[in-house]
Amino acid sequence: MPELPEVEVTRLSFASRIAGAQVLSVSMGKALRWPLMCEPKALVGRVVVGVRRRGKYLLIDFDRGLLLLHLGMSGSLMFATQLPQRGVHDHFDMQTTQGLLRLNDPRRFGAVVYADHEDAPVAHKLLGKLGCEPLSPNFDALKFYADLKRKKTAIKQVLLAGEVVVGVGNIYACEALFQAGIRPTLSAARISRPRAVKLHAAIREVLNRALEKGGSTLRDFSSAQGESGYFQLEAMVYGRAGQACRVCQSSIKLLRQGQRSSFYCPQCQKG
DNA sequence: AAAAGCCCCTGGATGC
DNA sequence: TGCATCCAGGGGCTTT
């Protein structure tokens with residue numbers, strides 16, 4: 001589920017409310033993708049300074065050290081003063097002076113990992129190879145074009161890999177490629193400069209629009225305030241195999257690329 | 001070194 | 001109703 005818009009919506013929904021809070025207790029349920037890398041007790045007394053996002057990771061900064069949090073495929077956070085008793089899929093609870101932060105993650109592909117510093121080995125391993133933030137001014141169209149030139153793989157896979165640009169998952173990769181009129185199977189290196197520029201703009205446009213809609217809620221996503229997203233209602237291709245293209249009425253096609261589904265319009269995405 | 005596959009895990013939808 | 005199969009928003013790791 002959670003791609004950049006969902007992670008950012010989550011961040012915005014609790015960052016200011018948790019800022020300044022002191023940790024009272026931390027408890028873990030079933031194992032997530034990786035161990036916490038510290039004793040839960042070691043976090044007691046720390047003060048939350050702020051919450052940042054890098055790619056699909058949330059970084060919870062303490063006065064000393066930070067937590068790297070990933071929502072995986074099915075994770076969602078809640079932050080509230082009052083929450084029900086821990087359920088079977090609640091795997092991380094952090095009680096603070098300003099509320100309880102809870103990670104719910106049925107599939108447990110998510111993670112909460114502690115690091116002493118942002119350049120500690122764990123953090124470096126997880127964040128070190130991440131590409132450009134698509135909504136930051138650093139995301140430059142010509143640099144993007146140059147990066148694509150070096151990748152012979154299909155453009156869809158390049159977008160998902162996160163080494164050129166981060167945060168674009170399966171939904172938004174499909175949608176951005178549609179908007180740019182590019183077929184998902186096209187080798188990234190074969191995309192012309194004007195079309196790379198168009199794709200660059202499409203990525204930003206699609207992500208910003210999704211942010212405005214509160215992200216996409218396909219099954220279990222909600223913000224840390226429990227709000228659903230609505231972008232899925234205006235998807236042009238994602239999840240629409242066999243349905244009519246909203247632009248040209250052609251039947252939307254589905255194909256598999258690296259064990260993921262790609263949706264595209266054969267008429268609107270010719271190259 | 002780049003690219004392709006393989007898993008991790010649970011639950012919902014579909015089909016027999 | 002029951003059971004098997006397939007599929008899902010991610011991404012690090014292993015193998016080619």
Side-chain angles (χ1 to χ4, degrees), chain A residues 1-10 28-35 37 53-58 68-77 87-92 103-113 121-131 147-177 184-190 206-207 210-211 213-223 228-235 237-242 254-263:
Chain A
M1 157 206 34
E3 305 182 32
L4 184 150
E6 291 75 28
V7 176
E8 182 65 8
V9 162
T10 297
M28 306 281 292
K30 285 173 103 171
L32 291 164
R33 180 161 191 174
W34 299 296
M37 302 291 283
R53 180 188 56 73
R54 179 72 179 101
K56 296 171 189 166
Y57 284 91
L58 283 173
L68 312 183
L69 205 144
H70 200 289
L71 300 176
M73 291 273 270
S74 59
S76 61
L77 284 179
V88 276
H89 298 310
D90 296 328
H91 304 303
F92 175 83
L103 173 67
N104 179 275
D105 185 6
R107 289 176 71 180
R108 292 192 281 129
F109 287 176
V112 185
V113 175
V122 214
H124 193 262
K125 189 179 69 176
L126 298 179
L127 308 176
K129 287 195 304 179
L130 295 184
D147 288 342
L148 295 189
K149 267 275 166 278
R150 282 182 228 112
K151 305 279 186 183
K152 291 176 185 157
T153 327
I155 180 62
K156 168 78 180 320
Q157 319 250 75
V158 171
L159 294 179
L160 289 187
E163 288 172 17
V164 171
V165 59
V166 294
V168 182
N170 211 23
I171 299 176
Y172 302 113
C174 291
E175 294 298 314
L177 286 169
T185 46
L186 181 62
S187 164
R190 300 185 58 132
V206 165
L207 294 177
L211 261 174
K213 298 288 173 181
S216 297
T217 296
L218 297 189
R219 174 170 290 129
D220 38 23
F221 171 73
S222 75
S223 78
S228 295
Y230 295 93
F231 182 83
Q232 72 282 1
L233 300 176
E234 51 191 74
V237 287
Y238 183 83
R240 301 192 66 243
L254 165 66
L255 61 85
R256 306 285 297 175
Q257 290 180 283
Q259 19 263 110
R260 317 293 294 273
S261 295
S262 291
F263 301 86

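These numbers come from a predicted model, not from an experiment. A note on names: the letters A, B, ... follow the listed sequences, proteins ahead of strands, and every chain is numbered from 1.
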Engineer: What contact category does A:Lys129 fall into here, base, sugar-phosphate, or nothing, at under 4.0 angstrom with non-hydrogen atoms?
Structural biologist: nothing
Engineer: Once you apply a heavy-atom cut-off of 4.0 Å, does A:Gly258 come out as touching a base, just sugar-phosphate, or nothing?
Structural biologist: nothing
Engineer: When you measure from the side chain of A:Thr153, which nucleotide among C:dC7, B:dC9, B:dA3 comes out closest?
Structural biologist: B:dA3
Engineer: Would you say the side-chain atoms of A:Ser76 and A:Asn104 include a donor-acceptor pair closer than 3.5 Å?
Structural biologist: no
Engineer: Taking the six-membered ring for Trp and the full ring for Phe, Tyr or His, determine whether the centres of A:Phe231 and A:Tyr172 are under 6.0 Å apart.
Structural biologist: yes
Engineer: So, does the side chain of A:Arg107 form a donor-acceptor pair with the base of B:dC9 at under 3.5 Å?
Structural biologist: yes
Engineer: OP1, OP2 of C:dG11 versus side-chain N and O of A:Lys56: anything below 4.0 Å?
Structural biologist: yes
Engineer: Within this structure, what is the CZ-to-P distance between A:Arg108 and C:dG12, rounded to whole angstrom?
Structural biologist: 19 Å
Engineer: Can you see if the side chain of A:Tyr172 gets near the phosphate of C:dG10 - specifically, an N or O under 4.0 Å from OP1 or OP2?
Structural biologist: no
Engineer: For B:dG11 versus C:dG12, give the span between their C1' atoms, rounded off to a whole number of Å.
Structural biologist: 24 Å
Engineer: A:His70 has a side chain; which of B:dT10, C:dG10, C:dA8 sits nearest to it?
Structural biologist: C:dG10
Engineer: Go through C:dA8, B:dA3, C:dC13 for me and flag the one nearest to the A:Lys152 side chain.
Structural biologist: B:dA3
Engineer: Taking only the side-chain heavy atoms of A:His89 (C-beta and beyond), determine which of C:dA8, C:dC13, B:dT10 contains the nearest atom.
Structural biologist: B:dT10
Engineer: Considering only the P atoms, how many Å lie between B:dA1 and C:dG11, rounded to the nearest integer?
Structural biologist: 23 Å
Engineer: By nearest nucleotide on DNA chain B, pick out whichever of A:Pro106 and A:Gln259 is the more 5' one.
Structural biologist: A:Gln259
Engineer: Within the structure shown, what part of the strands sits under 4.0 Å from A:Arg33 by heavy-atom distance: base, sugar-phosphate, or nothing?
Structural biologist: base
Engineer: Is the shortest side-chain N/O distance from A:Arg219 to OP1 or OP2 of B:dG11 below 4.0 Å?
Structural biologist: no
